[in-house]
Structures are given as C-alpha cells and as structure tokens.
Number of protein chains: 2
Amino acid sequence: MKCIAEKSEDKIKEAAKRIFLKKGFDGTTSRDIAREADMNIALTNYYFRSKEKLFIEIFKDLMEMYYQSVVDILNKPIDIKAKISEIIENNYRMMKQEPDLVIFIMNEIHKDPERLLIKTPLYNQIKTTVFSQQLDAGIKNGTLRDIRIENILPLMTSCIEFLFLGKGIHQKIFSMTDEDFEAFAQSHKEHVKSMICHYLILEN
Amino acid sequence: MKCIAEKSEDKIKEAAKRIFLKKGFDGTTSRDIAREADMNIALTNYYFRSKEKLFIEIFKDLMEMYYQSVVDILNKPIDIKAKISEIIENNYRMMKQEPDLVIFIMNEIHKDPERLLIKTPLYNQIKTTVFSQQLDAGIKNGTLRDIRIENILPLMTSCIEFLFLGKGIHQKIFSMTDEDFEAFAQSHKEHVKSMICHYLILEN
DNA sequence: AAACATTTTAAATGGTTGTTTAAACTATTC
DNA sequence: GAATAGTTTAAACAACCATTTAAAATGTTT
C-alpha cells in the first residue's frame with residue numbers, strides 16, 4: 001500500500017518534533033507544524049485533537065529517548081571505569097547529534113513541571129542496574145568512594161551537557177569558531193572522564 | 001517627590017523581568033507584563049518602544065548579574081582551594097535564590113544566538129583575574145594540574161547549575177520532596193567541591 | 001492661571017493564534 | 001456501483017497578540 005510515502009499522522013508528528021525541539025512549545029504555531037509537514041492545518045487537530053496533546057505525546061517520546069541509552073549502558077557487563085568512559089562518550093555523542101534535546105526538555109519542565117512529569121519507573125530501573133550493584137560492591141570493599149547513585153549519575157552527565165547547553169555563551173566569551181568549540185569540547189570531555197575516575201575510584 | 005512609589009518605567013521593567021524569567025520571551029505577553037506591573041498596556045510601549053526592546057534591555061542586565069559575582073570572586077586575594085569553594089558556594093546560593101536565571105539565559109540564547117550575544121570584554125576580564133595568575137603559577141611549579149581556564153571554570157559551575165536546571169526531573173525520578181532535594185543538593189555540592197579540588201590540586 | 005510638556009487612559013488597529021466547520025475527495029465494503 | 005467510512009481541503013471562528021491612536025489627566029513652567 002504505502003511504500004515510500006509516510007502516513008500523514010507520522011509526517012505531522014515528525015515535523016512537529018523538529019519544530020518543537022527548535023522553538024519550544026510557546027514558540028511553535030500550528031501553522032509552523034503544518035508547513036513543515038507540508039499538510040493542511042486542520043490535519044494536526046484531526047489526528048491529535050490539539051496542539052497540546054500532540055506536544056505531550058512527542059515530549060514523552062523524547063524523554064524516553066533521552067534516558068534509555070544511559071540505562072542500557074549502566075547494564076553493560078563491563079568494569080566501572082570503562083562504563084564511566086562509555087557514559088560520557090555516549091553523552092557527548094548525543095549532545096553533538098541532537099543539540100536541542102536537553103535544553104528543550106529542561107526548559108519545558110521548568111516552565112510547568114506538573115504538566116509534563118508523568119509517572120516513571122526510572123528510579124527502580126536505575127537502582128537495579130548492573131552499575132548500581134557495581135557501585136555498592138565497590139563501596140563495600142573500599143575500592144570506590146562512598147557516594148550515592150543519585151549523585152554520581154548527574155556528576156557524569158552534567159559537565160558534558162552543560163558545555164553544550166551553553167555552547168553559544170562559551171563560543172562568544174572565548175571567541176571560538178565552530179571548529180574551535182569542537183576541539184575545546186573534546187578536551188573538556190577528556191578532563192571530565194579523568195576527573196570523575198580520579199574522584200570515584202580509590203587507588204592505594 | 002516620589003518617595004515610596006517607584007517610577008512607572010522601573011515598575012514595568014521589574015515586572016517584565018519577573019515574567020520573562022518565569023515564562024521566557026515567547027511565553028510572555030504584553031498584557032502579562034502590564035498586569036504584573038499593575039499599569040496600562042500602552043505604557044510598555046510608551047517607555048520601551050516595543051516588547052523586544054524591553055526584553056533586550058532586561059536580558060543584558062541579567063547576563064551581567066550572572067557573571068559579575070564570579071569575576072569578583074576570581075579576583076579575591078585568597079588561595080585557590082578557598083577560591084574554588086567560594087565559587088561553588090556562590091553558585092549554589094545564586095541557583096537557590098534565582099532558580100529561573102540560568103535556564104532563562106541558556107534557552108533564550110539557544111533559540112537565537114545572534115539576537116542576544118552582544119560584544120563582551122568578559123574573556124579579557126577573566127584572563128586577567130588573580131585566579132588566572134594563580135592557575136598559571138601553580139601549573140608552572142607543578143602544584144596544579146595542567147588545565148586551561150576555559151575548562152576549569154565550566155567544570156566548577158556546571159555540576160551545581162545543572163543540578164538546579166534539572167531540579168524538576170531529579171525530584172520526579174528520585175521521588176524527592178522540596179526538603180529532600182535541599183538535602184540532596186547540599187550533599188551534591190560537597191561532592192563537587194571535593195571532586196574539583198582532588199582533580200586540580202596535585203598533592204604528593 | 002494660562003501655556004506647555006509629560007504621563008496615563010480606553011479604545012481601536014490589523015494581524016495571528018488554536019480550533020472548528022462543512023463540503024470535497026478518496027478508499028473500502030457490500 | 002451504490003453506500004459507507006476515512007481523509008483532506010478551504011474557509012471561517014472567536015480569542016488574543018503587539019502596537020498605535022487620540023483624548024484625558026496630571027505635572028511643570030511661565
């Protein structure tokens with residue numbers, strides 16, 4: 001039936017995702033979405049009932065996409081040092097590939113937390129990861145610093161994500177071109193990996 | 001003349017600052033501002049010509065407020081370990097007192113960098129701080145890790161700021177009340193101070 | 001107190017917003 | 001192939017947007 005051509009519903013959703021990510025909910029109009037999807041305005045509401053409903057659906061998708069890759073890595077059967085490196089590398093890759101994602105999520109939640117924060121089993125997911133077990137074991141036998149998983153996870157992601165969140169500011173203050181920033185970000189990533197390992201892993 | 005009562009221009013600007021910080025440029029209407037300032041709608045444009053002009057003026061103020069306190073601390077005549085602690089404490093204080101500030105700045109710049117990033121002498125200001133000299137000297141005599149100021153500054157601020165940027169997310173995932181989060185943030189702050197010092201200051 | 005400049009007001013401007021309507025078109029079913 | 005269901009369309013809806021107008025109110029200067 002439909003081979004190449006996407007279904008209209010999907011076309012609208014994909015278009016809306018692009019626009020919402022770039023402009024946020026308030027900055028996006030129904031007409032923006034219709035234009036991007038190359039469809040009639042009425043179809044947005046025909047398929048999704050309202051701009052709000054469409055947004056919530058997309059937001060949930062993006063939120064899951066944001067977290068799933070991390071949870072997957074936390075469960076890998078590799079030692080904790082390699083895992084830290086991989087989490088940071090994954091984070092770096094994601095921020096380069098989808099630079100709008102994190103600022104979008106943070107800003108929308110910030111504007112109205114109640115509206116978007118649906119029930120999530122993420123805490124249990126995290127608490128039962130291989131990483132969590134490795135952390136507990138390491139703390140018990142004295143090879144790892146005594147730190148809760150609630151603290152160490154943000155420590156690993158915040159430095160990289162913050163760097164890209166403030167890309168515009170950093171580039172302006174330090175007069176960096178895009179290439180300069182790329183090199184700067186790489187070096188920063190290595191510092192972060194090294195710093196986290198130094199702090200978490202006790203050697204002597 | 002006017003003793004208690006603020007001048008209308010200032011009342012509007014203060015009101016607009018509150019609303020812009022909370023809702024962003026796109027989410028704020030001229031009527032919101034007029035209502036918050038308890039003034040006629042037309043006065044916004046009478047004093048500031050347009051919503052855009054008013055916004056730019058406020059944005060510049062907030063941007064300066066964001067950076068000035070850091071630069072001041074960087075210039076204090078105290079040793080580098082105390083300085084790191086003070087920067088992080090100051091950062092923590094600011095994020096608690098003005099939780100909307102950083103996400104607001106980042107998001108507005110992210111949406112349209114050209115519009116907001118005015119020329120700033122901040123890089124020269126930073127490069128000529130006492131902190132910058134302390135860092136150079138410490139690297140030279142081997143007491144500090146070889147790292148550029150462009151890297152170490154974001155390392156100090158990103159962990160704390162990111163924690164508050166994602167306050168809503170963190171609270172939801174880890175099922176924290178406001179009091180829980182407060183305690184969590186405090187412990188996180190201590191980890192960050194410790195981690196940065198461990199990494200930067202070479203002792204042996 | 002008359003003349004002037006400044007500030008504030010209610011009302012209106014033209015344009016855009018999200019959403020709805022009802023008719024037209026297309027595909028499917030009997 | 002007529003009837004039915006699903007999809008798409010242009011047009012319209014009321015509500016709201018930033019901004020402007022011109023008159024009213026207030027303050028200041030002569």
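Chain A is the first sequence line, chain B the second, and so forth, proteins listed ahead of strands; every chain is numbered from 1.
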Peer 1: Name the closest nucleotide to the A:Leu43 side chain, picking from D:dT9, C:dT8, C:dT17.
Peer 2: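 Nearest to the side-chain atoms of A:Leu43, counting from C-beta on, is D:dT9.
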
Peer 1: So which one's nearest nucleotide on DNA chain C is more toward 5', B:Asp38 or A:Asn40?
Peer 2: B:Asp38

Peer 1: Can you measure B:Ile33 atom CD1 to D:dT19 atom C1' for me and round it to whole angstrom units?
Peer 2: 13 Å

Peer 1: Phosphate oxygens OP1/OP2 of C:dT8: is one of them under 4.0 Å from a side-chain N or O of B:Ser8?
Peer 2: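 True: B:Ser8 side-chain N/O within range (under 4.0 Å) of C:dT8 OP1/OP2.
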
Peer 1: Rounded to whole angstrom units, what separation is found between the NZ atom of A:Lys53 and the C1' atom of C:dG18?
Peer 2: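 Whole-Å distance recorded here is 13 Å.
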
Peer 1: Among the nucleotides D:dT9, C:dT7, C:dT19, which one has an atom lying closest to any side-chain atom of A:Ser30?
Peer 2: C:dT19

Peer 1: Do A:Phe55 and A:Phe48 have their ring centres less than 6.0 Å from each other?
Peer 2: no

Peer 1: Choose from C:dT17, D:dA18, C:dT7 the nucleotide whose nearest atom is closest to any side-chain atom of B:Tyr47.
Peer 2: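 For B:Tyr47, the side-chain atoms sit closest to C:dT7.
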
Peer 1: Answer yes or no: is there a donor N or O on one side and an acceptor on the other, between the side chain of A:Glu108 and the main chain of A:Phe25, under 3.5 Å?
Peer 2: yes

Peer 1: For A:Phe48 and D:dT8, give me the distance from atom CZ to atom P, rounded to whole Å.
Peer 2: 12 Å

Peer 1: Is the backbone of B:Ser194 close enough, under 3.5 Å, to the side chain of B:His198 for a donor and an acceptor to pair up by distance?
Peer 2: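 Checking the backbone N and O of B:Ser194 against the side chain of B:His198, a donor-acceptor pair under 3.5 Å is found.
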
Peer 1: Measure the distance from CZ on A:Arg31 to P on C:dG18 and round it to the nearest whole Å.
Peer 2: 7 Å

Peer 1: Please tell me if A:Asn45 has a side-chain N or O lying less than 4.0 Å from either OP1 or OP2 of C:dT20.
Peer 2: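 So the side-chain polar atoms of A:Asn45 do come within 4.0 Å of the phosphate oxygens OP1 or OP2 of C:dT20, strictly under.
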
Peer 1: Please determine, for the side chain of B:Tyr46, which listed nucleotide (C:dT19, C:dT8, D:dT9) has the closest atom?
Peer 2: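 Nucleotide nearest to B:Tyr46's side chain: C:dT8.
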
Peer 1: Could you state the atom-to-atom distance from CZ of A:Arg49 to P of C:dT21 in whole Å?
Peer 2: 14 Å

Peer 1: Within this structure, what is the CD1-to-P distance between B:Ile12 and D:dA18, rounded to whole angstrom?
Peer 2: 14 Å

Peer 1: Side chain of A:Thr29 only, heavy atoms from C-beta on: which candidate in C:dA10, C:dT17, D:dT9 is closest?
Peer 2: C:dT17

